[in-house]
Amino acid sequence: MPRNSRTPRPSRCTAHPAAARPRSEEAFVTGILTGPEDFERARAWHVTDAADWDSYLLDTAVLLAEARRTYGTVQARMFHPEDFADFCLLHRLDPAEPAARDRYLVNPPLQTQLLPYQGEELSGDFIPRLVRARDNGLTLRHIDLLLDGGPAGDDEEIAQAVRRAHQQGAELFRRMLVGAGCGAYRFVCAVEAPGGRLEAQARILHWEDGVVRINDEDLDLVCAVLCAGLYRELPGAALLHGSQGSAGSCGEYRQVAWAWQSEGHGYTPAAVRLDDVAAEPGFTLGTVC
């Protein structure tokens, strides 16, 4: 793919579509190394010219700032050395060649790992989100395989059944949050599936006015995991824990941990230990509007 020679280091870790569309509509995609160990391993492939990890972060911040000034959309995903090496082996590519990195970054099955970049601090929230996005993307691929291997039927019947399961899962999650009320929570869910456990988690801020703040990619994965469990009728569990209350209640906070369990057809209150957190049975979801 054509490359922009004006982009600073680490442009070798960057790919973007051919500039056939108006500039305001162009999409810029870059891969970002997420830790010193990954940085050291990738140096053998000449992915970056940076002398050390701190210099790499600085170069990447400059690259992203320039991209935001130039392109309509800026996206990033984790540049995972092991994934990249496996990709090159599978497609018989030389990992030191820029074309191999371009193909890896825009590989269609991995598009779920892309995150929009909007000027966040790299070493703050964005790099951890890139790591989670990779993990989430792998889970979503597992879910796709489970949905494809579900009950027999024609394409439209299957699509409708999946939509119903997704709507049911999203509604269950909504009721858990509404019943919990305002506060700062962590949500964890797990489904025991063929091929391995499906897991999702999300940090949630629930304001007094009912507004809920949650990263979009975390919300998508939570709903997808709940959907897969309900569609394939698999056992699962969900847990919501954190601080219930708000500044408007004079700083009165209460530590809570609620859980629900499913045998594949819905979630009911149950005492559960999940992700090293022990929770008491949650409220009955059917009583929450």
Side-chain angles (χ1 to χ4, degrees), residues 15 29 31 34 75-93 100 102-116 128-174 176 187-202 214-239 260-267 272 274-275:
V29 179
T34 58
Q75 294 177 304
R77 57 177 290 245
M78 178 181 180
F79 193 98
H80 193 284
E82 290 184 10
D83 290 355
F84 178 59
D86 290 344
F87 179 84
C88 291
L89 182 64
L90 178 65
H91 295 278
R92 299 181 179 179
L93 300 172
D102 287 348
R103 286 186 59 181
Y104 166 71
L105 290 175
V106 298
N107 187 27
L110 303 180
Q111 295 303 293
T112 54
Q113 298 183 19
L114 285 170
L115 292 181
R129 284 181 64 197
L130 290 177
V131 176
R132 292 199 306 273
R134 173 186 175 267
D135 293 339
N136 292 0
L138 295 175
T139 301
L140 288 171
R141 291 183 68 189
H142 186 179
I143 290 171
D144 286 342
L145 293 174
L146 290 172
L147 298 181
D148 289 342
D154 62 41
D155 291 346
E156 183 56 31
E157 289 175 340
I158 293 173
Q160 289 179 359
V162 171
R163 282 195 293 269
R164 285 195 299 269
H166 192 277
Q167 290 169 355
Q168 184 183 358
E171 177 62 14
L172 287 169
F173 185 44
R174 185 192 71 82
M176 292 173 188
F187 179 82
V188 183
C189 63
V191 167
E192 303 302 330
R197 171 183 279 195
L198 300 174
E199 296 180 327
Q201 59 178 289
I214 178 174
N215 286 331
D216 289 342
E217 63 270 18
D218 295 337
L219 175 61
D220 290 344
L221 187 68
V222 164
C223 292
V225 168
L226 294 174
C227 167
L230 295 168
Y231 178 68
R232 292 293 303 269
E233 299 181 355
L234 301 169
L239 186 151
W260 299 264
Q261 205 161 34
S262 173
E263 295 303 320
H265 300 282
Y267 281 77
V272 168
L274 187 61
D275 202 28

Atom pair SG/CG of Cys223 and Leu172 - distance to nearest 0.5 Å: 10.0 Å
Donor-acceptor pair, side chain of Gln111 and main chain of Val106, under 3.5 angstrom: yes
Inter-residue atom distance Phe84.CZ - Asp86.CG, 0.5 Å rounding: 11.0 Å
Where Pro194 and Arg232 come nearest, the two heavy atoms and their spacing: CG-NH2, 4.4 Å
Pairwise distance CG(Leu138) to CG(Leu198) - rounded to 0.5 angstrom: 12.0 Å
Gap separating the CD1 atom of Ile158 from the OH atom of Tyr231, nearest 0.5 angstrom: 5.0 Å
Flag if over 12 foreign heavy atoms under 6.0 Å of CZ, Arg141: no
For the student: nearest non-hydrogen atoms of Ala228 and Ile143, plus distance: CB-CG2, 4.0 Å
Evaluation steps, side-chain contact (heavy atoms from CB on, under 4.5 Å), between Leu234 and Glu192: CA-CA 6 Å; Leu234 301 169; Glu192 303 302 330; 5.9 Å; no
Candidate pair Gln168 and Tyr267, rule side-chain contact (heavy atoms from CB on, under 4.5 Å), full reasoning: CA-CA 10 Å; Gln168 184 183 358; Tyr267 281 77; over 6 Å; no
Nearest-0.5 Å distance, CD of residue Glu217 to OG1 of residue Thr112: 11.0 Å
Value rounded to 0.5 Å, distance of CG in Asn136 from CZ in Arg129: 10.5 Å
Under 3.5 Å: donor-acceptor pair, side chain of Glu233, backbone of Gly229: no
Shortest non-hydrogen contact between Val225 and Cys189, atoms and distance: CG1-SG, 3.9 Å
Shortest non-hydrogen contact from Ala193 toward Leu146: CB-CD1, 3.6 Å
side-chain contact (heavy atoms from CB on, under 4.5 Å) between Leu221 and Arg132, intermediate numbers included: CA-CA 11 Å; Leu221 187 68; Arg132 292 199 306 273; over 6 Å; no
Mutual orientation of the aromatic rings belonging to Phe187 and Phe173 [parallel < 30°, tilted 30-60°, perpendicular > 60°]: tilted
Contact check, side chains of Tyr104 and His91, non-hydrogen atoms, under 4.5 Å: no
Any side-chain heavy-atom pair of Leu226 and Val222 under 4.5 Å: yes
Derivation and outcome, side-chain contact (heavy atoms from CB on, under 4.5 Å), residues Leu105 and Arg77: CA-CA 8 Å; Leu105 290 175; Arg77 57 177 290 245; 4.3 Å; yes
Heavy-atom side-chain contact between Leu239 and Asp275 under 4.5 Å: no
Shortest non-hydrogen separation from Glu199 to Ala190 and the atoms involved: CG-CB, 4.2 Å
Heavy atoms of other groups near Glu263 CD, more than 12 under 6.0 Å: no
